[in-house]
Amino acid sequence: MATTETKAAGSAPGLSWARVCKECGQQHDGLESHLYEYQDDVDDELVCHICLQPLIRPMDTPCGHTYCFHCLSNFLKEQDFCPVDRQRLQLHQCRPSSLLVRNLLDKLTVMCPHNTECQQQMQRCELQPHLHNRCPVFRRLREEAEKRKRPSWNELKGRKSDGESSGDAKHSASLSRNPTRDQPEPGLINPAYEESEDDNTPLRSSLVAEANVVELFREEPEEELGLRIVGGKDTPLGNIVIQEIVRDSLAARDGRLAPGDHILEVNDISLASVPHARAMAVLRLPSLLKLTVMQEKGFKTREPPHGNTTSNHNPGTVLQVTLMKSQRSEPLGIKLIRKSDESGVFILDLLSGGLAAKDGKLRNNDKVLAINGHDLRHGTPESAAQIIQGSEVRVNFVVMRPAETQEEGGSSRGRRPEPQYFRRRSTYMKDPPGGFSSQEKTVSLKKEPRLSLGITIAGGRDCRSRLPVYITSVQPVGCLHRDGTIKRGDVLLSINGVDLTQLTYSEAVSVLKAQTAQSQVVLRVIQTLSDDSEEDIESASKDDLDPLEELRDDTLNWTPLWTRWLGLPSHMHWCRDIVLQKTNNESWGFSIVGGYEESHGQQPFFIKTIVPGTPAHFDGRLKCGDEIVAVNGATTVGMNNSSLIPMLKLQKNKVTLTVVSWPGSLV
């Protein structure tokens with residue numbers, strides 16, 4: 001048995017919010033393992049052979065030894081063998097330890113590091129929620145840091161103007177190490193961050209954001225992270241932003257990243273001023289990725305409401321529910337599920353006679369947003385169950401209850417109707433963003449009737465985001481490959497005069513098969529272009545970034561980068577209306593980049609940030625990278641910041657946003 005002891009951070013002089021680790025509460029270098037003050041002897045089998053402390057994120061080697069992830073990865077940067085038996089070893093050969101081992105480590109008893117004022121003991125897995133929700137020292141450090149960053153209410157009122165940029169609004173909240181991010185960005189506006197004029201509404205005095213480091217480890221070099229990415233220096237967004245977390249992916253299982261996070265660095269490579277395609281190449285690095293991200297934490301309220309917190313945003317109400325177990329092992333009587341059409345964890349059923357059913361506050365179909373401070377918006381039922389099982393007698397739920405929308409005749413329903421898409425109207429037409437364009441190409445071929453064109457396609461009017469039908473590969477056996485005009489990523493317009501732009505995938509396949517059987521084929525396509533060609537950047541990046549890139553490009557699962565869609569002509573866009581509602585004078589919860597800029601001319605308006613805890617966030621349909629085409633039916637084409645901001649401010653309780661949404665690049 002090993003006895004481990006760490007000096008309490010609470011006794012260290014000069015303790016500050018900037019220096020303290022937000023996970024373990026101790027002061028240590030960001031590249032070092034977390035430090036804990038263990039209260040019991042720890043079995044030698046659970047101790048790392050490098051740091052001689054209980055394992056943190058344990059990794060098993062093929063030769064049968066177990067180390068902390070940080071310890072092993074740092075060791076293998078300098079050596080190429082196992083520290084114990086010196087057998088040849090590389091990090092990608094190692095695997096995370098079993099769930100049993102991780103659970104044993106999570107259940108080790110530790111003391112709050114700030115034990116000069118807080119003598120609480122708990123399981124190791126509960127220390128982080130304790131620090132963020134209950135520790136008085138941690139709370140005081142955070143509040144003091146926010147006071148230093150936060151301008152006074154009078155300063156906010158005096159500074160607000162129609163042209164306020166989100167660079168100004170976020171200046172006090174940004175913790176980025178890159179000083180250029182603190183500068184206001186031209187054309188960046190923030191109807192999201194308006195302060196309330198209503199004395200009955202809690203004042204949201206500053207937007208809280210944190211710079212965090214998230215490490216993701218690919219067990220297989222080609223494994224996808226499960227992130228959809230938008231932005232880049234070659235786009236109006238500027239920054240690299242996570243649009244979406246793919247369900248059941250590596251990133252979703254990890255649970256620390258969320259839509260709207262800005263990726264600042266990857267493995268110490270800055271993404272602050274790189275094109276979109278270059279950022280994607282960096283994110284495809286094999287094995288270990290260390291992401292530095294700026295994460296919005298929502299608004300800090302001056303006067304938090306007492307008791308259960310509710311929010312009447314459509315499409316639901318957010319509730320806080322606390323269940324008290326009579327003993328630690330008592331089950332709650334809750335069945336949790338996932339849904340095929342929406343990410344997250346949902347309550348399927350409350351068992352009769354169970355603790356949750358007796359309490360009566362939770363209901364079937366509630367979406368679980370968090371348990372004991374753990375964000376589960378993109379979590380799984382398994383991770384939620386693990387948090388519940390590892391909790392003490394108190395279990396705190398944050399759930400969103402779907403709103404019941406009234407229809408004619410008084411009937412109600414909780415499910416949102418399928419989105420209605422429509423072609424972009426003539427009054428909504430605009431030029432592509434600066435640096436993006438398109439060109440039409442026509443190929444006329446004479447061929448044997450049985451000879452295939454040799455292309456594979458995807459998209460169609462029935463697919464997500466109503467993508468047009470596009471070419472995913474040009475096979476070397478077909479006649480189009482020999483011609484060389486048609487390229488992967490080209491969007492199909494027509495074949496032999498038959499329009500392909502409004503067909504479903506299966507309809508397009510049927511038309512292509514029928515027309516290909518003829519001896520004469522005339523194919524019209526559109527190729528989108530950009531100043532920073534993704535092919536040039538990817539080919540330049542293959543040697544030094546990703547040896548598997550070429551193999552990945554050749555697969556039939558190829559999907560276009562987000563930037564490919566930006567050059568598509570407006571008449572090929574499919575739009576949809578998103579209606580946001582609120583019940584008070586709070587902000588809508590999104591920031592916008594675009595409008596007229598002297599350096600770039602007229603740019604479309606894009607969603608850059610969606611703030612947690614706001615109507616746009618709870619509604620869930622608006623995504624970073626969406627283009628705002630119209631507000632309440634009025635086109636945004638030709639508008640500048642000073643025109644759009646008042647339009648959004650005037651919408652007190654309801655606003656209809658017409659948007660075009662392209663899927664982010666998958667990595």
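Between Trp565 and Tyr470, a ring centre-to-centre spacing shorter than 6.0 Å is recorded. In this structure, Trp588 has its ring center at least 6.0 angstrom away from the ring center of His617.
Results of the side chain to side chain contact (heavy atoms under 4.5 Å, CB included) test with Trp662 over Lys623, His573, Arg564 single out His573 as the only residue that passes. The residue from Leu250, Val667, Val246, Leu666 that alone fulfils the side chain to side chain contact (heavy atoms under 4.5 Å, CB included) condition with Glu224 is Leu666.
Closest approach of Leu283 and Leu225 over heavy atoms only: O-CD1, 3.9 Å. Leu451 approaches Cys479 most closely through the heavy-atom pair CD2-CB, 4.0 Å. Ile240 approaches Ala279 most closely through the heavy-atom pair CD1-CB, 3.5 Å.
To the nearest 0.5 Å, atom OG of residue Ser249 and atom CG of residue Asp254 are 9.5 Å apart.
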After noting the C-alpha distance and the side-chain angles of Glu244 and Arg621, does the key distance pass the salt bridge (charged side-chain N to carboxylate O under 4.0 Å, His left out) rule?
CA-CA 11 Å; Glu244 187 177 354; Arg621 291 173 292 173; over 6 Å; no
Could you walk me through whether His276 and Ser665 pass the side chain to side chain donor-acceptor pair (under 3.5 Å) check?
CA-CA 9 Å; His276 182 88; Ser665 303; 2.6 Å; yes
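Side-chain atoms of His262 and Asn239 form a donor-acceptor pair, as typed in the model, at a separation below 3.5 Å. When only modelled atom types and interatomic distance are considered, Ser438 and Glu440 share no side-chain donor-acceptor pair under 3.5 Å. A donor and an acceptor atom, one from each side chain of Ser494 and Arg524, are located under 3.5 Å apart. Side-chain N/O atoms of Thr456 and Thr472 include a donor and acceptor closer than 3.5 Å.
Partners of Asp490 by salt bridge (Lys or Arg N to Asp or Glu O under 4.0 Å), not counting sequence neighbours, listed by chain and number: Lys441.
At distances below 3.5 Å, at least one donor-acceptor pair connects side-chain atoms of Thr504 with backbone N or O atoms of Glu507. In this structure, Arg466 contributes its side chain and Trp574 its backbone to no donor-acceptor pair below 3.5 Å.
Judged as a ring pair (Phe, Tyr, Trp, His ring centres under 6.0 Å), not a single pair has a partner in residues 503-525 (not counting sequence neighbours).
Proximity of Thr380 to Arg338: side-chain heavy atoms (C-beta onward) are separated by under 4.5 Å at one or more points.
Look at Arg424 and Glu627 and you find a salt bridge, because one of the NZ, NE, NH1 or NH2 atoms lies within 4.0 Å of a carboxylate O, short of that distance.
Under the 6.0 Å distance and 45° angle rule, Arg228 does not count as a cation-pi partner of Trp562.
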